[in-house]
Amino acid sequence: MRRDLAHISEQALIDRLILGDPAAREFLYDRYAAALYGVVLQLVPVKDRASDVMVRVFTWVYLNIKSYQTSGYKTLFAWLLRKTREMAIKEAIPEGSLIGTELIRNEEGVLQRFYVRLPTAEQQVFRLCYFRGLSTTTIARMMAISEGQVNEILEAAMKAFRKFLSDTWN
Amino acid sequence: MELKFYIESGIIESYVLGLVSEAEAEEFQLMRKLYPELETEIEVVERRIERAAFDEAVLPPAEVKDRVMQSFRWEGNGAGAGFGGATADPPPNYTFINIQPKDGDQITVHKNWRLFFIFVVLLAKILLFFAIFYFLKYAQVKEEQKKTGLYYHPSSITVSQVSK
């Protein structure tokens, strides 16, 4: 971690990234790579491919840092996380093996702790949605229920997720 | 009250994670405009998710960092524009190979010139067509005049008509 940047504010960091400052780029990597890598591994549990995703994410971020300001996100990390998940999902889905179970190898993760407590249907919808990035239409087709039902189930799961988050990290 | 209900539905979490549909995203942006206090709650949620993610951070292999740094070093020092010249990096440890054709032998122009070029060629063809067409017409008229022995020059008509 670069000591000269240790106390830089998020806005100052972004300004320096926009200018293409290599020190700022390194700092961004050092600060966020590990947290993002944890997320990527859950979505792409294969080391080489997870590494590829990381390289792609950071290369994209350095080139498109300006779009953060218009993204509607309040924190840099949330924006990075969103992009990371998007890219990881693109890498992860081998078409034709879309099964709601056996998606995750890490049984200890935060999200696992969350969804094991959910009723089966909520669990399945949440996993297909978060880990596979499937639309509610697709999920409805897979589970042979209506899209309205999927939306209801997902909303129940997200309600529970909100409660889980605020209970654990408040 | 409506806002509280909206927040409790977990919509912010869905939005932050990128799980919302397009319609929901639009509605969310509308709600943000209507209720600016939503912004504080969004930030709270983002921070929570950040802390959750940091709790299970995994250090990526060192090779990843090398690749990331390498990829932008190329872009930063190579053809080089785009980033305000703020790349005060140590000298690059690679050889820069210029694959552009030899200077002065070739030029590169903007692709809009293609349209212009096509237009000019078409215009030239049209003008050429008229040139030939009127030349033939002219030759034909001259031929006829020769046959009838009638010469008329515009000025001669006027003069003869006036004199009558």
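In what follows, chains carry the letters A, B, and so on, assigned in the order in which the sequence lines appear, proteins first and then strands, with residues in each chain numbered from 1. Below, all heavy atoms of this structure are taken into account, side chains as well, without hydrogens, waters or symmetry copies.
- Among residues at least two apart or in separate chains, there is no salt bridge (charged side-chain N to carboxylate O under 4.0 Å, His left out) pair with a member in residues 141-156 of chain A.
- Residues B/Val64 and A/Tyr29 approach most closely at CG1-OH, 3.3 Å, considering heavy atoms.
- Linking Ile, Leu, Val, Met, Phe, Trp and Tyr whenever their side-chain heavy atoms come within less than 4.5 Å puts B/Ile126 and B/Phe129 in one cluster.
- Chosen from A/Asp52, A/Leu41, A/Thr136, the residue pairing most often with chain B at heavy-atom distances under 4.5 Å is A/Asp52.
- Looking at A/Thr137, neither its backbone nor its side chain comes within 4.5 Å of chain B, counting heavy atoms on both sides.
- Of all residues in residues 30-41 of chain B, those placing a non-hydrogen atom less than 4.5 angstrom from a non-hydrogen atom of chain A are B/Arg32, B/Glu39, B/Glu41.
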Report task. Apply side chain to side chain contact (heavy atoms under 4.5 Å, CB included) to A/Phe58 and B/Arg67, showing your working. Result -> CA-CA 10 Å; A/Phe58 276 91; B/Arg67 281 169 65 195; over 6 Å; no
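- The closest side-chain heavy-atom distance from A/Thr75 to B/Arg47 is below 4.5 Å.
- In this structure, chain A has no heavy atom under 4.5 Å from any part of B/Phe28.
- Linking Ile, Leu, Val, Met, Phe, Trp and Tyr residues whenever their side-chain heavy atoms come within less than 4.5 Å places B/Ile132 and B/Phe135 in a single cluster.
- Within 6.0 Å of CG in B/Asn112 there are more than 12 heavy atoms belonging to other residues, nucleotides or ligands.
- For A/Phe77 against B/Ile49, the heavy-atom pair with the smallest separation is CE2-O, 4.3 Å.
- Identified by a heavy-atom distance below 4.5 Å to chain B, the contributing residues of residues 156-168 of chain A are A/Met158, A/Lys159, A/Phe161, A/Arg162, A/Leu165, A/Ser166, in residue-number order.
- The heavy-atom pair separating A/Cys129 from B/Leu19 by the smallest distance is O-CD2, 3.9 Å.
- Transitive grouping of hydrophobic side chains (ILVMFWY, heavy atoms separated by less than 4.5 Å) keeps B/Leu3 and B/Val44 in distinct clusters.
- For the pair B/Pro61 and A/Ser51, the minimum side-chain heavy-atom distance is below 4.5 Å.
- Heavy atoms of B/Ile7 lying under 4.5 Å from chain A belong to its backbone as well as its side chain.
- For A/Ser135, no part lies near chain B; criterion is any non-hydrogen pair under 4.5 Å.
- Linking ILVMFWY residues whenever their side-chain heavy atoms come closer than 4.5 Å, directly or via other members, places B/Val109 and B/Phe116 in the same cluster.
- Atom CE in B/Met69 sits 9.5 Å away from atom OG1 in A/Thr59 (nearest 0.5 Å).
- B/Glu56 and A/Val110 get closest at one heavy-atom pair: OE1-N, 2.9 Å.
- Scanning all heavy atoms of the two residues, the minimum distance from A/Tyr73 to B/Val16 falls at OH-O, 3.1 Å.
- Per-residue counts of heavy-atom pairs under 4.5 Å with chain A were compared for B/Ser14, B/Gly10, B/Ser21, B/Pro60; the largest is that of B/Pro60.
- Chain B forms more heavy-atom pairs under 4.5 Å with one residue of A/Tyr130, A/Trp79, A/Tyr37 than with any other, namely A/Tyr37.
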Query raised in the report: Checking side chain to side chain contact (heavy atoms under 4.5 Å, CB included) for the pair B/Phe54/A/Trp169: CA distance, chi angles, key distance, verdict?
Result: CA-CA 11 Å; B/Phe54 270 86; A/Trp169 285 278; over 6 Å; no
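- Looking at residues two or more places apart in sequence or on another chain, you find no salt bridge (Lys or Arg N to Asp or Glu O under 4.0 Å) involving A/Glu122.
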Report task. Step by step, work out the side chain to side chain contact (heavy atoms under 4.5 Å, CB included) result for B/Lys65 and A/Met54. Result -> CA-CA 9 Å; B/Lys65 184 171 177 179; A/Met54 289 295 285; over 6 Å; no
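- Of the possible polar contacts, one joining the A/Arg85 side chain to the B/Leu17 backbone as a donor-acceptor pair under 3.5 Å is found.
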